[in-house]
Amino acid sequence: MRQIINHFTDDDLYKFSMCCAVIDNYPRAQVRYQFVDRNDTVYPDGFADELRRQIEALEGVVITDEEIDFMKRRCTFMPHWFFQYLRGYRFSREWVKIWQEEGRLHVEFEGSWSDTILLEVKVLAMISELFYMMTGQTELLNYERLYQKTREKANRLLAAGCVFSDFGTRRRASFEAEDTAVRALKDSALSHDWAGKFVGTSNVYIAMLHDLQPVGTMAHEFICAIGGMFGPQMANHLAMNAWRNTFRGALGTYLYDSFGWDIFALNFSEDFANLFKGLRIDSGNDYEQLQKIVAKYRSFGIDSRSKQVVFSNALDTDRAIEIQQYARNLCLPSFGIGTHFTNDFEGIEPMNIVIKLVGAKITERWPYYNDTCKLSEDPGKHTGKPEVIKRFKEALHI
């Protein structure tokens with residue numbers, strides 16, 4: 001099989017920003033991650049062996065001067081010491097365990113948080129593309145049709161005044177699919193003076209190819225790991241403080257739903273509300289969540305119309321336009337859209353796969369990991385061991 005990941009920055013920006021914040025705030029933290037296939041897919045025989053070879057090939061993928069120069073120009077919020085870290089970074093197969101049982105795929109990572117943090121998105125993209133390769137579905141990937149469909153989607157979003165980005169690396173059909181989709185989005189944005197705006201892509205390498213802005217801030221793992229190390233009640237407070245310590249107000253869109261709205265709202269004091277430029281909604285009912293956000297800002301005397309709200313919960317074109325019409329007078333809405341852009345082919349079903357951080361310890365000297373979980377605003381999307389979810393819910397009086 002051909003090598004799937006060939007470029008170091010073929011990854012989401014939020015992995016790099018979180019890596020930087022981890023080194024800055026929790027340099028000795030150790031973590032465990034676990035792969036979850038929500039569709040309980042049966043993978044082809046030999047899939048684990050081929051995935052293992054793909055991960056071993058990552059050991060030869062290093063960052064280039066071109067990638068460093070691009071990130072320095074476009075990601076000015078990154079301290080320059082971090083680029084020196086990336087120059088010396090090397091992947092290791094020793095961090096990863098892979099096996100199959102009755103066709104089901106199992107993947108686990110374990111090691112230093114600052115090392116293993118850069119595996120998740122790459123491995124998910126590998127699994128998705130490799131699955132289509134090994135099941136003979138790549139012949140269904142009509143890239144010319146994807147380009148046309150994506151331009152049609154972009155035209156509708158831009159005409160409706162939507163501000164949006166590509167968030168589709170993790171479950172893309174292939175690298176070519178995401179590259180094609182981003183090219184179509186950019187071409188559409190440049191074709192007319194639209195009411196809306198295509199902001200960029202989460203994928204740093206593809207942003208470089210198309211001279212776009214890499215976009216993104218953080219993922220749930222940052223808050224979930226802190227919750228594992230220190231407990232869920234103050235995890236959001238600690239996470240916001242750590243983020244402020246590293247980025248000093250830049251990358252100011254906070255992902256609040258790792259342990260649900262209620263505990264976040266208790267942690268979201270007026271100073272944080274003023275510091276962060278907005279919040280990201282990634283679960284729950286978009287309209288109900290937005291109303292909670294508006295009410296919270298108003299309780300501080302802050303005009304919610306001055307604050308950005310990023311919607312990213314399984315969006316498609318129709319839903320984004322509908323939310324835009326509802327939210328435009330309540331906040332500054334924007335949209336992160338994933339597989340709807342990068343895995344929309346006739347006859348292809350996008351995979352429903354995630355890799356979640358499930359355990360953490362403050363230093364390598366600790367003899368045990370503390371379990372953690374994610375408590376989504378959608379109860380069906382809680383992630384973690386049932387007993388850990390139960391314990392965290394009890395701690396949060398849910």
Where [X] and [Y] come nearest, the two heavy atoms and their spacing:
X    : Y    : value
I302 : A273 : CD1-CB, 3.7 Å
P27  : N25  : CD-C, 3.4 Å
C19  : L118 : CB-CD2, 4.3 Å
R73  : T76  : O-CG2, 3.5 Å

_Option passing side-chain hydrogen bond (donor to acceptor under 3.5 Å, both in side chains) with S202 (candidates T217, D12, D11)_ =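 It is D12; the other options fail the test.
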At what distance, to the nearest 0.5 angstrom, does [atom1] of [X] lie from [atom2] of [Y]?
X    : Y    : atom1 : atom2 : value
F91  : D115 : CZ    : CG    : 9.5 Å
L330 : Q291 : CG    : CD    : 6.0 Å
Y254 : L275 : OH    : CG    : 12.0 Å
I353 : R171 : CD1   : CZ    : 7.0 Å
S112 : Y26  : OG    : OH    : 14.5 Å
Y287 : I323 : OH    : CD1   : 5.0 Å

Please determine whether a side-chain nitrogen of the Lys or Arg among [X] and [Y] lies less than 4.0 Å from a carboxylate oxygen of the Asp or Glu.
X    : Y    : result
K356 : E221 : no
R53  : E50  : yes
R170 : E178 : no
K385 : D371 : yes
D257 : K374 : no
D303 : R298 : no
R32  : E108 : no

Ring centres of [X] and [Y] under 6.0 Å apart?
X    : Y    : result
Y33  : F109 : yes
F392 : F259 : yes
F268 : Y256 : no
F222 : W243 : yes

Does any donor atom in the side chain of [X] or [Y] lie under 3.5 Å from an acceptor atom in the other side chain?
X    : Y    : value
D262 : H397 : no
N203 : D10  : yes
T116 : E110 : no

*Worked check of side chain to side chain donor-acceptor pair (under 3.5 Å) between Y143 and S174*: CA-CA 10 Å; Y143 295 111; S174 65; 2.7 Å; yes
*Verdict with reasoning, E101 to W99, per side chain to side chain donor-acceptor pair (under 3.5 Å)*: CA-CA 7 Å; E101 290 180 356; W99 71 98; 3.3 Å; yes
*Take E59 and R93 through the test salt bridge (Lys or Arg N to Asp or Glu O under 4.0 Å) and record every step on the way to the result.*
CA-CA 7 Å; E59 294 178 345; R93 68 191 74 184; 2.7 Å; yes
*Show the numbers, then the answer: is there a side chain to side chain donor-acceptor pair (under 3.5 Å) between S92 and E94?*
CA-CA 5 Å; S92 173; E94 300 300 321; 5.3 Å; no
*Which residue, F83, F70, Y89, Y205, forms the ring-ring contact (aromatic ring centres under 6.0 Å, His included) with F8?*
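Going through F83, F70, Y89, Y205 one by one, the ring-ring contact (aromatic ring centres under 6.0 Å, His included) with F8 is satisfied by Y89 alone.
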Which atom pairs, donor and acceptor, lie under 3.5 Å between side-chain atoms of residues 153-162 and protein residues at least two apart or in another chain?
residue	atom	partner	partner atom	Å
K153	NZ	H340	O	2.4
K153	NZ	D344	OD2	2.5
N155	OD1	S188	OG	2.4
N155	ND2	R151	O	3.4
R156	NH1	D318	OD1	3.0
R156	NH2	D318	OD1	2.8

_For D65, all residues meeting side-chain hydrogen bond (donor to acceptor under 3.5 Å, both in side chains), sequence neighbours excluded_ =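 With neighbours one apart ignored, the set is R87.
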